[in-house]
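Just so you know, residue 1 is the first one in the sequence shown, and it goes up from there.
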Amino acid sequence: MKVKRALISVSDKTGVVELGKALADMGVEIISTGGTMRALKEAGVPVMAVQDVTGFPEMMDGRVKTLNPKIHGAILAVRDNPEHVQAMKDHDITPIDLVVVNLYPFQQTIAKPDVTLAEAIENIDIGGPCMVRASAKNNKYVAIVTNPAKYGEIIDILRKDGEFSDEYRLELAQEAFHHTAVYDTAIAEYLAGQVAKGAAKQ
């Protein structure tokens, strides 16, 4: 299954421009958000804004941008299920084959000695983990990349084959679920510490 459309939304932008250029050179359509989209555009990479796909602007200080059926339907659709295929046609949803996401820097934020509870809360990613988990769940059809160190490997595979094997997508899914598990554990442990200190005021 050829990779035709990718969604890229990253907090850590290491290597993202090189990845975007490589994907664009291979004819992959790129959807992006916020700072990632700006970085790609400034580097001359053709990119479509998520809001142009969803029909809704990014809102609430960026808290709501990818939480939309046009994104999650494109990720979660079972491509050989006739009902899912029909739903995509009915609602003008184009499948997304590759999702590249890493999350808000929660661990780095709480490592700061003067961080407030409010600052920590604001650095809890919501849309990112949703896309990561959706993509990892639907790994039969979607490749999910959470680690910038994988970008070179991703580019090499796509240049050679234009697609990923089932085994490789499953490997990426396992890494993605581990990524979100570590992230959520860090949040839970931090909040447990705040509860123990009685620091409910934000």
Can you name the closest pair of heavy atoms from [X] and [Y] and give their distance?
X	Y	result
H72	A134	ND1-CB, 4.0 Å
F177	A136	CE1-CB, 3.4 Å
V47	S32	CG2-CB, 3.5 Å
K140	D80	NZ-OD2, 3.6 Å

Quick one: pull up [atom1] in [X] and [atom2] in [Y] and give me the separation to the nearest 0.5 Å.
X	Y	atom1	atom2	answer
Q194	I110	CD	CD1	9.0 Å
L7	I144	CG	CD1	9.0 Å
N147	T14	CG	OG1	10.0 Å
I124	I121	CD1	CD1	4.0 Å
M131	I126	CE	CD1	11.5 Å
T94	E29	OG1	CD	7.0 Å

Is any side-chain heavy atom of [X] less than 4.5 Å from a side-chain heavy atom of [Y]?
X	Y	result
L191	L117	yes
V100	L19	yes
P148	N102	yes
E175	E171	no
K160	I157	no

Show, in sequence, the C-alpha distance, side-chain angles and deciding distance for E153 and K150, and conclude whether the salt bridge (charged side-chain N to carboxylate O under 4.0 Å, His left out) test is met. CA-CA 5 Å; E153 188 172 278; K150 289 274 190 184; 3.5 Å; yes
Do N123 and E119 get their side chains close enough for a donor-acceptor pair, meaning under 3.5 Å? no
Are Y168 and E163 close enough that a side-chain donor and a side-chain acceptor fall under 3.5 Å? no
Start with the C-alpha gap between L103 and V101, add the side-chain angles, then the distance that decides, and say whether side chain to side chain contact (heavy atoms under 4.5 Å, CB included) holds. CA-CA 7 Å; L103 309 177; V101 171; 4.0 Å; yes
So, [X] side chain and [Y] main chain: donor-acceptor pair closer than 3.5 Å or not?
X	Y	answer
H84	V78	yes
D97	V142	no
N139	R169	no

Do [X] and [Y] sit in one hydrophobic cluster, given that two such residues count as connected whenever their side-chain heavy atoms are within less than 4.5 Å of each other, even indirectly?
X	Y	answer
L172	V28	yes
I155	L40	yes
V45	M26	yes

Could you check L23, I31, V99 and say which one makes a side-chain contact (heavy atoms from CB on, under 4.5 Å) with I8? L23
Check the pair S9 / T36 against side-chain hydrogen bond (donor to acceptor under 3.5 Å, both in side chains), numbers first and verdict last. CA-CA 6 Å; S9 181; T36 304; 4.8 Å; no
